[in-house]
Amino acid sequence: MTVLAGLAGAFLVTAIVYAMVGFGGGSTYTALLVLAETDYRLLPAVSLACNVTVVSGSVVHYARAGLIPWRRLWPIIACSVPAAWLGGLVEIPERIFIVLLGLALLASALALVIRQPGPARKDARVVPGLAPALGGGIGLLAGLVGIGGGIFLAPLLYALRWAEAKAIAASAAIFILANSLAGLIGQSQRIAGSGDLDRLLDYWPLLLAVLVGGQLGVWIGSRRLPDHWLARITALLVFIVALRLLWRAATS
């Protein structure tokens, strides 16, 4: 119980920080669960459930604020979900992939820091050929590494000056929600087959913690945080995930 209470506190803080920029925090939840020696058979489902809880609240807040560019976003999501499912079926040399992915994220983070994104272009569009590339490519990456994918999408949308910072955060939240739900359904089916589905209920305090943290984070991000700080925090989180991936590759 003491370990679970400590995890709940850490999850609360994680949810606040990640929700401010439209992320779910799945990669950090996974790391925290590993440190707490959580049963590896349940770990992905717990992390994804927390992801869904955080970004669901984010999507509601962003929708109420009118920040979601639905018309431009849906082709990206429509391509990402099946690609994420396929990514989960693909097996490649883990170390090579993690190194390349970590370096790509590191470059994205540095680009955001060195060259702060300008205002969104009024005519910004994801052309028909680019939507499948963004959605399908990032969805595949998300499936391969088992996260929602917003950490990949947001830097690219900033680079394209696709929308204002708050709209990009909203888009990342929906993207993560769709991919995390797909992953959670698959994980739940697997766990149900082994008869361990009821054990997931033991982790309900973590869902409560991220629900509260996610609500606080998205309120701060959508109402109180200037756009340039949203970009900087996004860069910091991408940078942290990049370093974690490179460290994992170096020590595996």
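Atoms considered below: every heavy atom in the structure, side chains included; atoms not considered: hydrogens, waters and symmetry mates.
Note on Trp219 and Tyr18: same hydrophobic cluster, where clusters join Ile, Leu, Val, Met, Phe, Trp and Tyr whose side-chain heavy atoms are under 4.5 Å apart, directly or indirectly. The cluster map of Ile, Leu, Val, Met, Phe, Trp and Tyr, joined by side-chain heavy atoms under 4.5 Å apart, puts Leu160 and Ile76 in the same cluster. Both Val218 and Ile220 belong to a single network of hydrophobic side chains, linked directly or stepwise wherever heavy atoms of I, L, V, M, F, W or Y lie under 4.5 Å apart.
Nearest heavy-atom pair, Gly24 versus Ile176, reported as atom, atom and distance to 0.1 Å: N-CD1, 3.6 Å. Considering all non-hydrogen atoms of both residues, Gly214 and Ala15 come closest at N-CB, 3.7 Å. The two residues Val81 and Ala178 have their closest heavy-atom pair at CG2-CB, 3.7 Å. When all heavy atoms of Leu7 and Ala36 are compared, the pair lying nearest together is CD1-CB, 3.7 Å. The shortest non-hydrogen separation linking Ser171 to Leu157 is CB-CD1, 4.2 Å. Ile68 and Val59 get closest at one heavy-atom pair: CD1-O, 3.8 Å.
Put simply, the side chain of Thr14 reaches to within 4.5 Å of the side chain of Leu32, judged on heavy atoms. Looking at heavy atoms from C-beta onward, Ser80 lies out of side-chain contact with Ile138 at the 4.5 angstrom threshold. A 4.5 Å side-chain heavy-atom check between Leu4 and Leu206 finds at least one atom pair inside the cut-off. Contact annotation: the side chain of Phe11 approaches that of Leu33 to within less than 4.5 Å [non-hydrogen atoms, C-beta and beyond]. Using a 4.5 Å heavy-atom cutoff, the side chains of Arg72 and Trp162 are in contact. Considering only heavy atoms from C-beta on, Tyr29 comes within 4.5 Å of Val54 through its side chain. Put simply, the side chain of Phe23 does not reach to within 4.5 Å of the side chain of Val55, judged on heavy atoms. Side-chain contact between Met20 and Ile233 is present, with heavy atoms from C-beta onward closer than 4.5 Å.
Of the inter-residue distances, the one linking Leu134 atom CG with Ile77 atom CD1 reads 12.0 Å to the nearest 0.5 angstrom. Distance CG/Asn179 to CG/Leu184: 12.5 Å, rounded to 0.5 Å. Atom OG of residue Ser58 and atom CG of residue Leu177 lie 9.5 Å apart, to the nearest 0.5 angstrom. Note: Gln215 CD to Ile16 CD1 = 11.5 Å, rounded to the nearest 0.5 Å. If you take CG on Leu153 and CD1 on Ile168, they are separated by 8.5 Å, rounding to the nearest 0.5 Å. The distance from the OG atom of Ser56 to the NE2 atom of His61 is 11.5 Å, given to the nearest 0.5 Å.
Applying side chain to side chain contact (heavy atoms under 4.5 Å, CB included) to Val210 and the options Leu12, Thr53, Val52 leaves one that passes, Thr53.
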Exercise. Verify side chain to side chain contact (heavy atoms under 4.5 Å, CB included) between Ile174 and Tyr62, making sure each step is shown before the conclusion.
Key: CA-CA 10 Å; Ile174 298 177; Tyr62 287 128; over 6 Å; no
